[in-house]
Amino acid sequence: MKLDMIFDAVAQNPIFENKFILQTNHTPEVIPHREAQIEQVASILAPALRGDRTSNLFVYGKTGSGKTLSVQYVQHELLKRAQSMQVPLRVEYINCKLKKVADTEYRILAEMVKKLGGEVPATGLPTDQIYNRFIDFVEKEKKTVIFILDEIDQAVKKMSDNFLYNLTRLNSELVKSQISFVGISNDLTFIDQLDVRVRSSLSEEEIIFPPYNALQIQDILKERAGKAFKPQVVGEGVIAKCAALAAREHGDARRALDLLRIAGELAEREGKKHIEEEHLDKANEKMENEKILDVISTEPKQFQIVLSSIIQLLESKKLQKVYTGDIYNIYQEFCQATRNEILTQRRVSDIIAEFDMLGVLNATVISHGRHGRTREIRLNIPKHLLGKVKEILRDSVGM
DNA sequence: AGGTATTCACATGAAACTATTCTCTGAGTTAGG
DNA sequence: TAACTCAGAGAATAGTTTCATGTGAATACCTGT
């Protein structure tokens, strides 16, 4: 039977030994080139083992520079130690970027209560009640609590920074217990945008994670590839190339690992026994493509209509750049034709800005002098994907 | 010619509104004693 | 009378609208030569 052959081939699996190792949520036991930072984090948080309040800590670094990994590593070690020493210590990790989980003041607070074992409804309560509930939970018994707030820059962007101020002041309302915070941010300028009071109390300590260079990424890749793949599957050249590709993207180790994993999957699918450099190229391309297609297909309807309008305009006029006003005109016709609500120009302007953020478009504000100011918009979708993109748009909004 | 002042066509910001989802509260209803 | 139901008030949130203000430089408009 043919299927059996396919299954057998996958079961034998000449490529992967343990693919999980390359997955981004895997925590390795060695974290190369981050020893110094890990030690710093540990020494700052260590007083918690004595039951003292630790300084609030702020950790910066670009994506894929090992921040989260290192902090979580320290978290686990700390908890292990606390358990053996019988210290009432809680260290909880919250990712503030997760939509619908912890991306607003209310939800972060609710998440904090949940981590401590409480139940909070998803909505319906006033925020200050959640504060009270949180305090109750922390005060129920004497303990030290450390919250790790990953990607707080994302959350604070959405709300006012007096949320952070409230957090740092919570301590003054506590009698028995103590809490402190570890903030993690990708945005190096984040702390500068904060209110001075918040800044000084939230970042009593700061640690910066520099991006990895190509050699360090190589080490990381070797380390993990050794365990993830069967022997002899990846050559020296492949690792080097993979590291080089990722180093170009500001030393993002996560990307390097993804790349290697996808290259491995491609090789596996082709029934090869080794990963070649061409697999990396294909993997690289595949990642780019999937990112764009995924973004576009998951975007809400109005976004897709706007994008359709832009593509239509570009194609019908054979232009490579268009302006907001023209887009809005086409957009209105489009909405009428497809019996959709017409949004204001203000909103469409924001939608375009969001597409720009996502990298689907390239929009620059330029001034045409007497003829006003507008965005000059170019499509940032590779030609070979345009067909697929149009297909997606046609299916969902009828382009 | 050279220097200002206008002016366009949006950008950008803030606040307010809307619909939806959810909790909590208290009045009214029901069923059992 | 205790338990139950159900409507209404109040919150949070996402997506928008409304109102207000900002802005870079090509042009129109002066100016004095």
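Protein chains get the first letters and strands the later ones, always in sequence-line order, with residue 1 at the start of each.
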Contact list (N/O, under 3.5 angstrom) for nucleotides 12-16 of chain C vs protein:
unit_1, atom_1, unit_2, atom_2, d
C:dA12, OP1, A:Thr127, N, 2.9
C:dA12, OP1, A:Thr127, OG1, 2.5
C:dT13, OP1, A:Thr104, OG1, 2.2
C:dT13, O3', A:Arg107, NH2, 3.4
C:dA14, OP1, A:Arg107, NH2, 2.7
C:dA14, OP2, A:Lys158, NZ, 3.2
C:dT16, OP2, A:Arg347, NE, 3.2
C:dT16, OP2, A:Arg347, NH2, 3.1

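- A:Arg53 has a carboxylate O that lies under 4.0 Å from a charged side-chain N of A:Glu204, or vice versa, which qualifies the two as a salt bridge.
- With sequence neighbours excluded, the residues forming a salt bridge (Lys or Arg N to Asp or Glu O under 4.0 Å) with A:Glu290 are A:Lys286, listed by chain and number.
- Taking the ring centroids of A:Phe355 and A:Phe303, they lie under the 6.0 Å cut-off.
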Query raised in the report: Can you give one letter per nucleotide of nucleotides 20-30 of chain C, going 5' to 3': B for a protein heavy atom under 4.0 Å from the base, S for sugar-phosphate only, - for none?
Result: ---BBBBSS--
Requested in this report: Just do the ring-ring contact (aromatic ring centres under 6.0 Å, His included) check on A:Tyr331 and A:Phe334 with the steps written out, would you?
Outcome: CA-CA 5 Å; A:Tyr331 163 80; A:Phe334 202 111; 8.1 Å; no
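- Legend: residues meeting side chain to side chain contact (heavy atoms under 4.5 Å, CB included) with A:Ala283, ordered by chain and number and at least two apart, are A:Leu259, A:Ile262, A:Ala263, A:Leu266.
- Under the salt bridge (Lys or Arg N to Asp or Glu O under 4.0 Å) criterion, the residue pairs touching residues 24-51 of chain A are A:Glu29-A:Lys227, A:Arg50-A:Asp52, with sequence neighbours excluded.
- For the OP1/OP2 pair of B:dA11 and a distance below 4.0 Å, the side-chain nitrogens and oxygens of A:Thr324 include at least one atom meeting the criterion.
- Identified under the salt bridge (Lys or Arg N to Asp or Glu O under 4.0 Å) test for residues 75-85 of chain A, with sequence neighbours left out: A:Glu77-A:Lys80.
- Here A:Val30 sits alone; no ILVMFWY side chain lies under 4.5 Å from its own, so it joins no hydrophobic cluster.
- Between the CD1 atom of A:Ile366 and the P atom of B:dC10 there is a distance of 11 Å, rounded to whole Å.
- DNA chain B is contacted by A:Thr374, A:Arg375 of residues 374-381 of chain A, taking any non-hydrogen atom closer than 4.0 Å.
- More than 12 heavy atoms of other residues, nucleotides or ligands sit less than 6.0 Å from atom NZ of A:Lys176.
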Report task. Starting from the C-alpha separation in whole Å, work towards a yes-or-no answer on ring-ring contact (aromatic ring centres under 6.0 Å, His included) for A:Phe58 and A:Tyr60. Result -> CA-CA 7 Å; A:Phe58 216 91; A:Tyr60 307 101; 5.4 Å; yes
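- In the helix from B:dA1-C:dT31 to B:dA31-C:dT1, the end axes, each obtained as the rotation axis mapping the C1' atoms of four pairs onto the next four within a five-pair block, lie 20° apart to the nearest 10 degrees.
- Listed by first then second residue, pairs satisfying salt bridge (Lys or Arg N to Asp or Glu O under 4.0 Å) with a partner in residues 128-139 of chain A number zero, not counting sequence neighbours.
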Using residues 212-220 of chain A as the side-chain source, report each donor-acceptor pair under 3.5 Å to any protein atom, sequence neighbours left out, with the distance given to one decimal.
unit_1, atom_1, unit_2, atom_2, d
A:Asn213, OD1, A:Leu215, N, 3.0
A:Asn213, OD1, A:Gln216, N, 2.9
A:Gln216, OE1, A:Asn213, N, 3.0
A:Asp219, OD2, A:His33, NE2, 2.7

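- A salt bridge (Lys or Arg N to Asp or Glu O under 4.0 Å) check over residues 244-257 of chain A, counting only residues at least two apart or in different chains, returns the pairs A:Arg255-A:Glu288.
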